[in-house]
Amino acid sequence: MKTLMLGNDAVARGLYEAGCSFVSSYPGTPSTEITETIAKYTEVYAEWAPNEKVAMESAFGASLAGRRSFCAMKHVGLNVAADPLFTISYTGVNGGMVIGVADDAGMHSSQNEQDSRHYAIAAKVPMLEPSDSAEALRFAKLAYELSEKFDTPVLIKMCTRVAHSQSVVETGEREECPVKPYEKNIQKYVMMPGMAKKRHPIVEKRLEDLREWAETTDVNRVEEGSDKSVGIITSSTSYQYVKEACGDRFPVLKLGMIHPLPVKKILEFAKSVEKLVVVEELDGIVETHCRNLGLEVVGKDTFPALDEFGQNLVRQKLGMDAPEGKKLEEAMPARPPVMCAGCPHRGLFYTLKKNKLTVLGDIGCYTLGAAAPLAAIDSTICMGASISGLHGFNKVSGGETEGKTVAVIGDSTFMHSGVTGLINTAYNESNSTVIILDNSITGMTGHQQNPTTGYNLKGDPCTKIDLETLCKAVGIRRVRVVDPYDLAQCDAAVKEELAAAEPSVIISRRPCALLKYVKHPGPITPDTDKCVGCKACMKIGCPGIRVTDGKVAIDNTLCTGCGVCRQLCKVGALGGKKEG
């Protein structure tokens, strides 16, 4: 049956049709929907793991047991999972094992713009790179064939535009795969130095075998063109831009396997054209391969190594005319990302700002606490870095920063990689205050469950990790819970814990305002007669508040009635609520 399907949904469909039995992932845009979609197929066990490393190790365990398995993550998540990846490359697999990684050129929702193809090269594992939904489905199925044929984990590299765009796919039926019996094999699966040394030559031989396969597979194909003055080598979304910009004018070598890259096929293609051009987003991986083959190539000297490409950019860089865009007659007002109206994090960040604290931040929607007017975050690096960074920051200060610096981290991020940082704080005894922003969900990636919510991926009740008990168990004696809507309570808690002579944890607990089960009192009705235009209410940066003609105004379509702004108004202009 033919249907329109998102790229991520198509990957999930391919996994399903290939007989995948086990999926473990950590949500991360733009990869999240793969796991959310596969969870709808009852034949497949699917779960959210605390982090990507655990997800990959769990998928390996399922593979070891003889089942086809999968794990998904975004590009920075692969950093977390790199440790098992490099060694699973040595051990190989039993049942097929596929790893989905989604890059984010343009950094739509990421803290860096790294290119995951480097991991395939460094770990010496094959990587497939679809350019549309049809290939996403097909490559997911092909990945299992390659995994079992070559005894290797296989990476599928998605990117934002392929993951979140729709194209036509033709779905098929699920093929159940027989379970491969597990056989004890210490030489293969126990990577002590003596065994690992014997596995490395196997990895190198496998890479050569895969390169030979890359020479003949139709996922690397030549598309003829009428003008052989230029030949283009490309893949993924860059391929789509090339075809939309150039049509069938130039010959194209379209690569579906991005590692290992073919040699003979590229050399033959180069001979057939006058000038060789590589069009690839981010780093010059294919370009470097071509140069290593002794080819002259136009690459990153012409096409940028940052941000996304587009059809017009491709045309311009190829010396073709590009249509000029039209400017709007009126300038569009800027709409920077902000925390939602009613966001439980806002009151806590206001408190930190008011107390002029240095705040080491973390990854989550609360990172928006760095935006004006709050501007209440000083650093954000990676998942869990806030707590570890605070420990180091305070350790070297000689006590000068201990009462002036805190870490903030979300509940999901804390479970992901914050626990170990807190253990380090307790064990090595830095006088640090950590604030866990517990909004009862993984908010940044679209409301996924996590180990603190009490529900699993499919919404079924499950074990709920108690944050207070966990913090005390790792050695933190001072643990308290505050309501971030109560500014006086937050202020008192922050001051008291910063004044304490030992590590402490404040849990700022209030469910995300966008959760369906959360009931709000309704928008506040301002009393403009009382308003003096002091703009104190604007200090929290709520999108539901504005000043019109010198008086406070409330957007009834946004305001939830959380009451944080009311606590800032000294004249009672925000004292009432809209009835009904």
Which distance, rounded to the nearest 0.5 Å, do you find between the CD1 of Ile377 and the OG of Ser386?
-> 9.0 Å

Kindly compute the distance separating CG (Leu457) from OG1 (Thr35), expressed to the nearest 0.5 Å.
-> 7.5 Å

Compare all side-chain heavy atoms of Val434 with those of Leu390 and state whether any distance is below 4.5 angstrom.
-> yes

Can you find a pair of side-chain heavy atoms, one from His447 and one from Leu514, that are under 4.5 Å apart?
-> yes

Working to the nearest 0.5 Å, report the span between CD1 of Ile266 and NE2 of His289.
-> 4.0 Å

Residue from Arg13, Glu33, Glu36 passing side chain to side chain donor-acceptor pair (under 3.5 Å) with Asn8 = Glu33

With a 3.5 Å cut-off and no angle check, do the side chains of Thr452 and Asp411 form a donor-acceptor pair?
-> yes

Ionic contact status for Glu204 with Lys124, cut-off 4.0 Å | yes

Give the minimum heavy-atom separation between Thr29 and His164, together with the two atoms involved.
-> CG2-CE1, 4.0 Å

Applying side-chain contact (heavy atoms from CB on, under 4.5 Å) between Tyr26 and each of Pro50, Ser412, Cys71, report the one that passes.
-> Ser412

Answer yes or no: is there a side-chain heavy-atom contact under 4.5 Å between Trp48 and Pro27?
-> yes

Ionic contact status for Glu129 with Lys157, cut-off 4.0 Å = yes

May I ask you to test the Phe269-Ser272 pair for a side-chain heavy-atom distance under 4.5 Å?
-> yes

Gap between atom NZ of Lys188 and atom CD1 of Ile202 - 0.5 Å precision | 8.5 Å

For residues Glu274 and Ser229, is any side-chain donor paired with an opposing acceptor at under 3.5 Å?
-> no

Residues two or more places apart in sequence or in another chain: which of them pass salt bridge (Lys or Arg N to Asp or Glu O under 4.0 Å) with Arg315?
-> none

Which pairs pass ring pair (Phe, Tyr, Trp, His ring centres under 6.0 Å) with one or both residues in residues 216-252, sequence neighbours excluded?
-> none

Between Leu15 and Tyr144, is any pair of side-chain heavy atoms under 4.5 Å apart?
-> yes

Hey, are Lys243 and Glu223 close enough for a salt bridge, meaning a charged N less than 4.0 Å from a carboxylate O?
-> yes

Is Arg291 salt-bridged to Glu287, going by a charged N under 4.0 Å from an acidic O?
-> yes

Residue pair Gln166 / Asp9, side-chain donor-acceptor N/O under 3.5 Å = no

Side-chain donor-acceptor pair under 3.5 Å between Glu47 and Ser24, yes or no?
-> yes

Answer with yes or no whether the side chains of Ser116 and Asp103 bring together a donor and an acceptor at under 3.5 Å.
-> yes

Do Leu306 and Leu282 touch side chain to side chain, with heavy atoms closer than 4.5 Å?
-> no

Minimal heavy-atom distance between Gly389 and Leu360, with the atoms involved, is C-CD2, 3.2 Å

To the nearest 0.5 Å, atom CG of Leu78 lies from atom CD1 of Ile99 at 7.5 Å

Evaluate the ring planes of Tyr366 and His345, with Trp represented by its six-membered ring, and classify them as parallel (under 30°), tilted (30 to 60°) or perpendicular (over 60°).
-> perpendicular

Indicate whether any N or O donor in one side chain lies under 3.5 Å from an N or O acceptor in the other, for Thr237 and Gln240.
-> no

So, for Lys198 and Pro201, which heavy atoms are closest and what is the spacing to 0.1 Å?
-> O-CD, 3.4 Å

Asp104 side chain to Ser110 side chain, donor-acceptor N/O pair below 3.5 angstrom | yes

Checking salt bridge (charged side-chain N to carboxylate O under 4.0 Å, His left out) for the pair Asp218/Lys254: CA distance, chi angles, key distance, verdict?
-> CA-CA 10 Å; Asp218 63 353; Lys254 195 272 183 189; over 6 Å; no

Rounded distance [0.5 Å steps], NZ in Lys149 versus OG1 in Thr152 = 13.5 Å

If you take all heavy atoms of Ile34 and Ala12, which pair is closest and at what distance?
-> O-CB, 3.5 Å

Partner of Tyr16 under side-chain contact (heavy atoms from CB on, under 4.5 Å), chosen from Glu175, Arg174, Lys141, Lys40 | Arg174

What residues form a side chain to side chain contact (heavy atoms under 4.5 Å, CB included) with Asn220, not counting sequence neighbours?
-> Ala214, Thr217, Leu255, Met257, Pro262, Lys265

Arg221 and Glu135: salt bridge (charged side-chain N to carboxylate O under 4.0 Å, His left out), yes or no, with the steps?
-> CA-CA 13 Å; Arg221 67 177 185 268; Glu135 286 191 343; 3.4 Å; yes

4.5 Å side-chain heavy-atom contact, Leu137 and Glu17 = yes

Beyond-backbone contact of Val101 with Lys74, side-chain heavy atoms, under 4.5 angstrom | no

Looking only at heavy atoms, which two atoms of Ala10 and Ser133 are closest? And how far apart?
-> CB-O, 3.2 Å

